[in-house]
Amino acid sequence: MENIKNNEVLNMLNHSCAHLLAHAVKRLYPQAMFWVGPVIEEGFYYDIDLGEEKITEDDLQKITKEMKKIVKSNKLIKRLELSKKEALDMFQHDPYKLDLLEHMEDDTLITAYQQDDFIDLCRGPHVASTKLLKHFKLLKVSGAYWKGDANNKMLQRIYGVCFETEEALTEHLQLLEEAKKRDHKKIGREMNLFMFSEYGPGFPFWLPNGMILRKALEDFWYEEHTKEGYQFIKTPTMLNRDLWEVSGHWANYQENMYTSVIDDKEFAIKPMNCPGGLLVYKNELHSYKDLPLRVGELGLVHRHEASGALNGLFRVRNFTQDDAHIFMTEDQIEDEIVRLIGFIDRVYHMFHLSYEIELSTRPEDKYIGSLALWEKAEKALASACAKAGKGCKVNPGDGAFYGPKLDFHVKDSLGRVWQCGTIQLDMNLPERFDIHYIASDGTKKRPIMLHRVIFGSIERFIGIITEHFAGNFPTWLAPVQVAVIPVNNAYHLEYAKEIEALLLDHHVRVIKDIRDEKLGYRMREAQTKKIPYILVLGDKERDDNLISYRLHGEQKTTTVTKDEFIRLITEEIKTKA
């Protein structure tokens with residue numbers, strides 16, 4: 001699925017179409033005032049104040065009709081350059097535009113775009129005429145707080161999308177329909193994976209099937225990291241304010257942290273695992289012989305996200321980061337990154353996820369560390385990508401102030417791109433926490449610290465793979481791996497119990513459906529629950545000690561011996577096929 005925001009042509013089309021939407025709304029609702037109408041990955045939206053009047057989904061058809069009239073009239077789109085005074089005069093009766101202008105310097109050159117009688121502030125660029133905006137679709141309407149602040153007025157947000165051709169628009173809309181079917185929130189309810197409660201907005205509850213899935217993912221994480229030579233730790237969820245002042249979080253991230261008072265001292269629930277990991281490193285002396293030291297933690301963190309930003313498992317207020325911190329010498333950077341890229345590649349391959357790598361380099365102004373070290377680190381990251389046989393797109397100046405990074409953008413089965421893995425070099429926290437190792441010449445030296453995640457967070461990754469697989473998880477991940485269905489309980493129940501016990505003995509997750517329902521109904525329900533293997537047991541299977549199975553989504557039935565089926569499914573689970 002196309003990322004519209006990152007496509008120059010589609011970005012301009014959608015920005016222009018947002019103004020087309022606003023123009024039509026202004027014609028239909030003269031009292032309308034507009035906040036912002038940005039381009040987003042999926043298209044565009046506009047936040048609108050209509051006073052007491054409310055727009056419903058049914059009204060979108062009326063707005064669409066008016067937009068098409070403006071398109072047909074072929075209005076030229078003109079770029080206006082204004083001084084701040086001219087802009088203030090032009091929008092003197094619009095509190096939303098005045099708010100935007102207030103925050104601009106007096107000598108700022110301000111641009112606005114005009115089509116017929118409609119003018120709005122905008123940086124642009126825009127297309128030349130409204131006739132170029134004919135292939136659009138309004139998608140939905142929702143509420144949105146002004147500036148994303150729940151204490152402010154609720155505005156109405158209309159979403160839409162625009163393409164160059166009707167074919168591209170149709171294809172995109174079909175993908176959106178498929179994405180709706182794969183919505184992890186919907187599948188999560190249907191498969192009994194997770195839930196949310198009004199008593200804890202943004203705090204997920206894991207249900208029985210979700211816990212099975214989550215544990216399988218975590219077990220996989222520990223197994224793979226053990227192969228790679230990682231040690232594991234668990235650090236406290238709440239730590240003293242003094243620690244967060246040392247790390248810099250108290251000064252720079254406090255508004256996103258949950259705090260409390262214990263014994264008259266301020267504490268904060270951790271928003272990141274790194275400071276705790278550094279305390280573990282400082283707990284003992286380290287020699288150059290210990291490096292690289294790879295330390296992993298599945299650490300639960302809490303961050304205060306705006307209520308309007310919460311979105312299923314994709315944006316929550318507590319989540320488990322699959323963190324690791326690697327401490328190494330400067331000379332070890334490249335080899336360690338090559339190894340790590342190979343590791344990440346292996347993990348993503350297990351989930352059939354392709355990916356691209358982006359290298360973010362030193363910011364122009366605010367950065368710490370020497371230029372020589374930055375150049376060495378950036379060169380090591382780029383060289384490691386090349387040695388690992390992976391290309392990387394350079395994102396100049398977008399590194400953090402404390403070090404360059406590699407971001408891994410994975411692509412799912414619908415072509416949507418998700419930023420998951422990160423490898424981040426850090427020259428800041430080792431300095432702040434004064435960590436060191438004893439070099440071969442007996443002197444103290446500062447290690448290079450590397451932060452990295454592969455999933456990003458357990459919660460968000462489960463959301464991603466739920467939509468990627470449409471809930472049809474590989475057998476090793478599926479909450480229920482086998483459904484055992486006797487044809488007739490009066491004749492086949494005992495054999496069904498025998499097969500269930502055999503599967504349980506081999507650690508296969510199995511359910512037995514012995515309800516007094518028709519066979520076809522029970523088989524359809526097992527399909528609906530997305531169970532990978534459905535075993536139907538009748539006279540032939542009982543009499544000859546056989547198993548007949550059907551794979552999820554298929555009509556073909558295969559009959560094998562009990563031993564053959566056990567070998568088949570245990571091998572599939574073991575190899576994570």
Side-chain angles (χ1 to χ4, degrees), residues 1-26 29 32-50 55 60 63-64 67 70 77 79-80 82 87 91 94-104 108-115 118-127 130 132-133 135-150 152-164 169 172-173 176 179 305-311 314-315 395 398 409 416-419:
M1 192 179 292
E2 184 72 60
N3 184 329
I4 289 165
K5 190 173 182 180
N6 292 343
N7 182 305
E8 190 175 339
V9 173
L10 291 180
N11 190 310
M12 183 165 61
L13 271 173
N14 280 268
H15 218 136
S16 305
C17 202
H19 280 230
L20 174 65
L21 164 65
H23 190 176
V25 168
K26 190 69 175 175
Y29 307 90
M33 291 187 290
F34 304 93
W35 172 228
V36 290
V39 177
I40 54 177
E41 289 184 9
E42 302 84 14
F44 65 86
Y45 68 76
Y46 226 117
D47 285 348
I48 306 165
D49 182 353
L50 290 174
I55 290 176
L60 296 184
I63 297 170
T64 297
M67 290 171 71
I70 300 169
I77 300 174
R79 182 175 186 267
L80 308 178
L82 309 168
F91 295 99
D94 188 331
Y96 295 104
K97 303 308 172 190
L98 292 177
D99 182 83
L100 287 170
L101 292 165
E102 264 179 30
H103 298 89
M104 298 181 186
T108 303
L109 176 66
I110 295 164
T111 57
Y113 282 80
Q114 178 177 5
Q115 52 199 51
F118 180 77
I119 304 175
D120 201 0
L121 293 174
C122 188
R123 291 193 186 94
H126 283 228
V127 297
T130 60
L132 300 171
L133 304 172
H135 307 299
F136 71 87
K137 174 76 173 176
L138 297 185
L139 301 172
K140 63 179 179 177
V141 60
S142 67
Y145 291 110
W146 182 39
K147 297 184 178 181
D149 187 337
N152 288 341
K153 183 174 183 175
M154 176 71 80
L155 304 179
Q156 297 183 73
R157 177 174 290 179
I158 299 177
Y159 290 88
V161 68
C162 186
F163 280 86
E164 288 182 278
L169 176 62
H172 181 80
L173 295 176
L176 287 180
E305 300 283 358
S307 58
L310 301 176
N311 177 17
F314 291 156
R315 184 64 69 90
N395 189 5
D398 202 46
H409 300 277
R416 297 173 299 183
V417 176
W418 309 87
Q419 203 273 297

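Just so we're clear, the structure is a prediction, and the values are computed from it rather than from any experiment.
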Is there a donor-acceptor pair closer than 3.5 Å between any side-chain N or O of [X] and the backbone N or O of [Y]?
X: Glu42; Y: Val161; result: no
X: Thr111; Y: Cys122; result: yes
X: Thr64; Y: Leu60; result: yes
X: Asn311; Y: Phe314; result: no
X: Asn11; Y: Lys5; result: yes
X: Asn14; Y: Cys162; result: yes

Of the non-hydrogen atoms in [X] and [Y], which two are nearest, and what is the gap between them?
X: Ile40; Y: Ile4; result: O-CB, 3.9 Å
X: Ala24; Y: Met67; result: CB-CG, 3.4 Å
X: Met12; Y: Pro125; result: CG-O, 3.5 Å
X: Ile110; Y: Leu101; result: CD1-CD2, 3.6 Å
X: Leu13; Y: Leu132; result: CD2-O, 3.5 Å
X: Met33; Y: Pro95; result: SD-CD, 3.4 Å

Checklist line | Audit row: Val25, Phe34, side-chain contact (heavy atoms from CB on, under 4.5 Å) steps and yes/no | finding: CA-CA 10 Å; Val25 168; Phe34 304 93; 4.1 Å; yes
Notebook entry, point to check: Under the salt bridge (charged side-chain N to carboxylate O under 4.0 Å, His left out) test, which residues partner Glu305, sequence neighbours left out?
Noted result: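 Here the qualifying residues are Arg315.
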Next item on the list: Report the residues that fulfil salt bridge (charged side-chain N to carboxylate O under 4.0 Å, His left out) with Lys97, sequence neighbours left out, ordered by chain and then residue number.
Entry: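 Partners of Lys97 by the salt bridge (charged side-chain N to carboxylate O under 4.0 Å, His left out) criterion, ordered by chain and then number, come out as Asp120.
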Notebook entry, point to check: Any side-chain heavy-atom pair from Leu169 and Lys137 closer than 4.5 angstrom?
Noted result: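 Contact flag for Leu169/Lys137 side chains = yes.
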Check: Within 45° of the axis and under 6.0 Å from the centre of the six-membered ring of Tyr159, does NZ or CZ of Lys140 qualify?
Finding: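 Geometry flag: set, cation within 6.0 Å and 45°.
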Check: For the residue pair Phe118 and His19, does the interplanar ring angle fall in the parallel (under 30°), tilted (30 to 60°) or perpendicular (over 60°) class?
Finding: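 Phe118 and His19: perpendicular rings.
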Check: Which of parallel (below 30°), tilted (30 to 60°) and perpendicular (above 60°) describes Trp35 and Trp146?
Finding: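 Perpendicular.
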Nearest 0.5 Å, what's the [atom1]-[atom2] distance between [X] and [Y]?
X: Asn6; Y: His409; atom1: CG; atom2: NE2; value: 9.0 Å
X: Ile158; Y: Ile63; atom1: CD1; atom2: CD1; value: 4.0 Å
X: Ser142; Y: Ile55; atom1: OG; atom2: CD1; value: 11.0 Å

Notebook entry, point to check: For the ring pair His15 and Phe44, is the centre-to-centre distance below 6.0 Å?
Noted result: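 Ring centres of Phe44 and His15 not closer than 6.0 Å.
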Item checked: is_close_aromatic(His126, Tyr113), centroid dist under 6.0 Å ->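 Yes; Tyr113 has its ring centre under 6.0 Å from that of His126.
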Check: Leu109 and Leu82: side-chain contact (heavy atoms from CB on, under 4.5 Å), yes or no, with the steps?
Finding: CA-CA 6 Å; Leu109 176 66; Leu82 309 168; over 6 Å; no
Check: Between His23 and Gln115, is any side-chain donor less than 3.5 angstrom from a side-chain acceptor?
Finding: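 Checked: His23/Gln115 side chains pair up, N/O donor to acceptor below 3.5 Å.
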Checklist line | Set of residues satisfying ring pair (Phe, Tyr, Trp, His ring centres under 6.0 Å) with respect to Tyr145, sequence neighbours excluded | finding: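 Residues passing ring pair (Phe, Tyr, Trp, His ring centres under 6.0 Å) with Tyr145: none at all.
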